[in-house]
Amino acid sequence: MNEDPSPSPTHEQVMTALREVIDPEVGLNIVDLGLIYDVRFDGRRVHVTFTLTTPGCPMQYAMAEGIRRAVLELSSVEDCEVHLVWDPPWNPSMISEEGREILGSNP
Amino acid sequence: MNRLDAISERAAPNPRSWRKEEVASIASELAPSVDLPVRYFVFGLAALTLFASALPFFAGEVLGQHHYNHHTIAFTHLLVLGWIATVILGATIQLVPVALGVKIYNERLIRWTFGFHAIGVAGMVACFWFWNFRLMLWFGSCITLSFSLFVYNIGWTLKRVEKHDAVSIHIAASLAYLVLTFLAGQYLMHNKVISFSPFNVISAIHAHAHLAALGWFFMMIMGVSYRLIPMFALSSIQSERRIWTSFILFNAGVPGIFFGILLQACWLVGAVIIVSLALGLWAWEVLAILKARKRPHLDGTLKQALVAMAHIPALVALGLLLSWPSPLSAIKAQAQTGYGMIALLGFVSLFVMAMLYKIIPFLVWYKIYPPLIGRQPVPKLYELYSIPLQRWALALFLAGLWTTAIVASLSTGASSLLLTVSTGVMGCGILLFVVNMGMPLSRLILHACPLARLLTWWNDVRARRSAHSRASMP
């Protein structure tokens, strides 16, 4: 019997890992900033769909790599594919309530 | 359906995707190489340091008498070309790809552009200091060549923009004024060698200065503020109509001011009123953007930008006073010095400094930290410099600037000692700002050092080990 020893990743685990990635200008993690649009699972492979605050932002490659690395830090994840979309465009109303609280405490 | 599901349903069907092999080689398609804008910023900061350190020693001569003397013109060009123009060129190279989503047309050309610019500015300031106009023609030609290459490069870059908006149109207009500014500068330089101009020399110099300050600097600041202020405040444009009305009024008023000063026309005051209305609409829009922000607190950059904008009413009042049709008196001539200081230092320099608190830390962050995202905590931009130092720099700068501007404006032959002290206080504020910018820039130097790279690699290994041990814990 060929049984996988580690369980499949959960949505919660992936979102927790993604909270480690911050937008350096705003000083807020990309989950609470509302940049993560979708997380889907294909077995132990994770697909993350995200956006950025500004089209043409030079950080798109850095953020894509950061997201992929953060998700791959989870031992239950085998591979991660990241997708950058501009539609719907990000707007400040996508910031979570927790995000607004964190922003309020930043200098 | 929750909020995330609703967004993911709307997400574009053909997104930009990265897999392991693509992401592994970080190479930005849009952003220019970090060293391109950084070389402009370092040169600009060096020029500003020289300006702030030297001005107190010559304050009585430079600010206490009429500004048409070789040392005042040398200091003015050190400030305008060495600091403001250089930093605006660097910021344009950095911001155009970000703001408009296009790659710079020719990056290699920027290296040549910078070389000609640096040689031209250093030589021109020295020639003004020693009042050598024949030699200045050569250095002036270097600057003209540098500006021409720059306009050519950014012009072709703007041509690639798929959908033009207020930001790209403002940048295009400021480039047009840049061309007119250096043509006017060439005219003035050649006129000093072979006198041919029918215009009054002082009026021609003032017209040239207004073309540069209003047409190039103000226009660029207004344009990029429509992108940067919403980005930093987490807000959005509030009224397109207000922006375009301001743009039309401004472009109607600036040629009016140029020809009004050149011809010493009585309708100059009308052009000043039109430009004042345009600036008022711009300030109104910026305040509306800030009012609609989602970021609870204004950070140091936005506060400093607002302080810079607070100089506009004083600038408008002095502009109206000086343009009012009346004979030129000694007091009026001295007030022109205060007017120039408030425009170039109080508004333009302070606004540029505010933006550099975002731009320079970002460039350093972008050069050093992307490989560490997701592996270990990376610093936020405001952690790369000192916020208390920023406050002290601003307070000293404002105290020194306003004291100098008032003392220099009120009397001919103002107290040299008082001007030395006040410019010294302003200089201390400027030097604190330079030190603060040196903090993130020094990380770039450390990053290039092999030992520092080894330490970064070792930290990286340690962070990965601890992450693995955390993941393997039950």
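Bear in mind the structure is a predicted one, so any value in this text is a computation, not a measurement. Lettering of chains follows the sequences in order, A, B, ..., and the numbering in each one begins at 1.
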Task: Closest heavy-atom pair and its distance - Ala62(A), Pro370(B) - done: CB-CB, 3.5 Å
TODO: Only counting residues at least two apart or in another chain, list the ones meeting side-chain hydrogen bond (donor to acceptor under 3.5 Å, both in side chains) with Tyr105(B).
DONE: none
Task: Name of the residue among Asp299(B), Leu381(B), Leu234(B) meeting side chain to side chain contact (heavy atoms under 4.5 Å, CB included) with Val26(A) - done: Leu234(B)
Open item on the list: So for Pro377(B), is it side chain, backbone, both, or neither that comes closer than 4.5 Å to the heavy atoms of chain A?
Closed with: neither
Task: Ile22(A) to Lys380(B) - nearest heavy-atom pair and separation - done: CD1-CG, 3.6 Å
Open item on the list: Using heavy-atom distances under 4.5 Å, tell me whether Tyr369(B) contacts chain A through its side chain, its backbone, both, or neither.
Closed with: neither
- [ ] List for me each residue that meets salt bridge (charged side-chain N to carboxylate O under 4.0 Å, His left out) alongside Glu25(A), sequence neighbours excluded, and say none if there are none.
- [x] Arg295(B), Lys358(B)
- [ ] Report yes if some heavy atom in the side chain of Ile373(B) is under 4.5 Å from a heavy atom in the side chain of Glu65(A); otherwise report no.
- [x] no
